[in-house]
Participant: 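Have a look at this one before I ask anything.
Within every chain, numbering begins at 1; the chains are lettered A, B, ... in the order of the sequence lines, protein sequences first and strands thereafter. Worth knowing before you read on, the calculation uses all heavy atoms, side chains too, and leaves out hydrogens, waters and symmetry mates.
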2 protein chains.
Amino acid sequence: MGKTQTRIQKKNRETILNAALDVFSQFGFRGSTLDQIAKTAGLSKPNLLYYFPSKEAIHAELLSQLMDTWLDPLHDLDPAGEPKAEILAYMRRKLEMSRNFPRESRLFANEILQGAPQIMAAIKGELKQLTDEKAAVISGWMQDGKIANSHPYHLLFSIWSLTQHYADFDVQVRAVLGDSANDPFPDAEHYLETLFGKLLAT
Amino acid sequence: MGKTQTRIQKKNRETILNAALDVFSQFGFRGSTLDQIAKTAGLSKPNLLYYFPSKEAIHAELLSQLMDTWLDPLHDLDPAGEPKAEILAYMRRKLEMSRNFPRESRLFANEILQGAPQIMAAIKGELKQLTDEKAAVISGWMQDGKIANSHPYHLLFSIWSLTQHYADFDVQVRAVLGDSANDPFPDAEHYLETLFGKLLAT
DNA sequence: CCTGTTTCTGACCAAATGGTTAAATTGCAC
DNA sequence: GTGCAATTTAACCATTTGGTCAGAAACAGG
């Protein structure tokens with residue numbers, strides 16, 4: 001953090017984190033090996049450990065970076081905006097994240113599946129705090145009759161679940177739709193707009 | 001399969017599979033160890049390997065058993081039933097499975113996250129076939145105006161995603177709702193009934 | 001009982017794993 | 001270029017891992 005980095009340090013740390021994201025997102029923390037990450041990064045194993053003190057440190061760094069970008073879309077939900085449009089825009093931003101950052105989504109999914117050993121604090125802290133705040137905003141919109149009544153927390157859960165599904169279960173989605181099928185995201189977006197549009201309609 | 005099993009064999013194979021489900025569902029295949037499974041099962045490692053030829057065989061057996069029970073709820077979707085009620089009942093059956101068999105749901109999620117190396121054949125085979133069949137039924141209902149129009153496949157995906165979310169991301173759901181909160185399933189069921197009820201309403 | 005079969009275990013093995021170290025190589029300011 | 005710090009690697013280590021094997025216990029059926 002505080003220390004200034006040389007060009008080489010910056011480049012190699014990025015290379016390592018990128019390779020680690022590849023590996024951790026597919027096999028989870030315990031299922032991944034340093035050799036695998038080193039090979040993916042095109043570096044030697046001792047060289048990895050020159051830049052990071054341990055396997056766990058690499059994983060922790062990835063998760064810590066992730067939490068920030070993960071919360072961004074929700075952060076942008078504007079209490080002063082038009083309620084239905086705001087929620088639909090949030091859903092679209094989340095879906096866009098699944099499309100553009102599927103590895104990050106899977107890294108997160110792996111961590112949660114394993115009981116969130118590394119990021120439970122952030123879940124109960126930052127994530128819960130932001131969710132509480134935005135659920136309150138949504139609740140206000142419902143009470144004002146701007147959108148139809150439903151459970152604000154489960155509404156947010158459903159946005160997370162549905163959008164991340166297209167990253168985490170991508171393999172299944174494509175297999176069921178048929179290998180020859182096109183990109184599933186446009187249809188997904190249209191479907192989700194319909195789904196949430198009807199839910200929120202007054 | 002064909003061979004008859006002694007009482008001891010049956011009991012121990014069950015014990016092993018149950019312990020393996022605990023471990024595999026939490027850490028994935030590569031993140032799990034035979035020692036861990038043996039310890040959980042209360043058996044020695046060589047004894048595990050007396051009942052199963054390898055770690056992979058245990059995992060394969062679990063996945064194979066899983067596919068059957070996993071498809072059951074969809075199998076029961078009745079083309080002759082009342083469309084909206086049938087789909088909502090299917091959603092409820094899937095949610096019930098997440099509640100009663102969260103380990104199975106996580107085992108499946110882990111497998112898909114890792115690219116479905118073991119069950120890709122079943123995904124492209126049984127699962128796709130059944131999904132195609134039921135999507136066609138739903139499509140028919142839409143064309144007959146029995147339920148509102150939307151994308152049949154993505155409708156099924158959304159049921160899978162939302163219901164399994166309450167098993168796979170249970171830790172996150174409970175953390176965000178607050179540790180003191182009650183069982184999230186009743187609220188989830190009510191929310192999902194509203195969500196799909198409005199989507200399907202004509 | 002006795003005997004053959006099933007079940008179980010301690011000891012072991014080769015390979016893989018996370019990590020260390022000392023020495024070699026490279027980059028760079030002067 | 002020279003000298004020093006930053007970078008890289010070969011060789012190594014202790015532990016863990018999936019799996020084997022020979023024999024010991026437990027369990028039948030007669």
Participant: Using a cut-off of 4.0 Å on non-hydrogen atoms, how would the nucleic acid contact of B:Phe52 be classed: base, sugar-phosphate, or nothing?
Facilitator: nothing
Participant: Give a yes/no on whether any side-chain N or O of A:Gln9 is located under 4.0 angstrom from OP1 or OP2 of D:dA6.
Facilitator: no
Participant: Would you mind building the protein contact string for nucleotides 16-30 of chain D? One character per nucleotide, 5' to 3', B for base within reach (heavy atoms under 4.0 Å), S for sugar-phosphate only, - for untouched.
Facilitator: -SBBBB---------
Participant: Using a 4.0 Å cut-off to any heavy atom of chain A, which nucleotides of DNA chain C are the first and last in contact, reading 5' to 3'?
Facilitator: C:dT17 to C:dC28
Participant: Applying ring-ring contact (aromatic ring centres under 6.0 Å, His included), which residue pairs with at least one partner in residues 121-144 of chain A are found, sequence neighbours left out?
Facilitator: none
Participant: Among residues at least two apart in sequence or on other chains, which ones pass ring pair (Phe, Tyr, Trp, His ring centres under 6.0 Å) with A:Phe196?
Facilitator: none
Participant: Nearest whole angstrom, please: distance from the P of D:dA6 to the CZ of A:Arg13.
Facilitator: 15 Å
Participant: Listed by chain and number, what are the side-chain contact (heavy atoms from CB on, under 4.5 Å) partners of A:Asp72, not counting sequence neighbours?
Facilitator: none
Participant: Keeping to residues at least two apart or across chains, list the ring-ring contact (aromatic ring centres under 6.0 Å, His included) pairs with something in residues 65-105 of chain A.
Facilitator: A:Trp70-A:Phe108
Participant: Which residue pairs pass the salt bridge (charged side-chain N to carboxylate O under 4.0 Å, His left out) test when at least one of the two sits in residues 86-95 of chain A, sequence neighbours left out?
Facilitator: A:Arg92-A:Glu189, A:Arg92-A:Glu193
Participant: A:Arg103: which residues meet the side chain to side chain donor-acceptor pair (under 3.5 Å) condition with it, sequence neighbours left out?
Facilitator: A:Asn18, A:Asp22
Participant: Rounded off to whole Å, could you give me the CD1-to-C1' distance for the A:Ile16 and D:dT7 pair?
Facilitator: 12 Å
Participant: Please evaluate residues B:His59 and B:Phe29 with respect to the criterion ring pair (Phe, Tyr, Trp, His ring centres under 6.0 Å), reporting the C-alpha separation (whole Å), side-chain torsions for both, the decisive distance (0.1 Å), and the verdict.
Facilitator: CA-CA 7 Å; B:His59 192 240; B:Phe29 178 71; 4.8 Å; yes
Participant: Can you name the residues that form a ring pair (Phe, Tyr, Trp, His ring centres under 6.0 Å) with A:Phe157, not counting sequence neighbours?
Facilitator: A:His154, A:Trp160
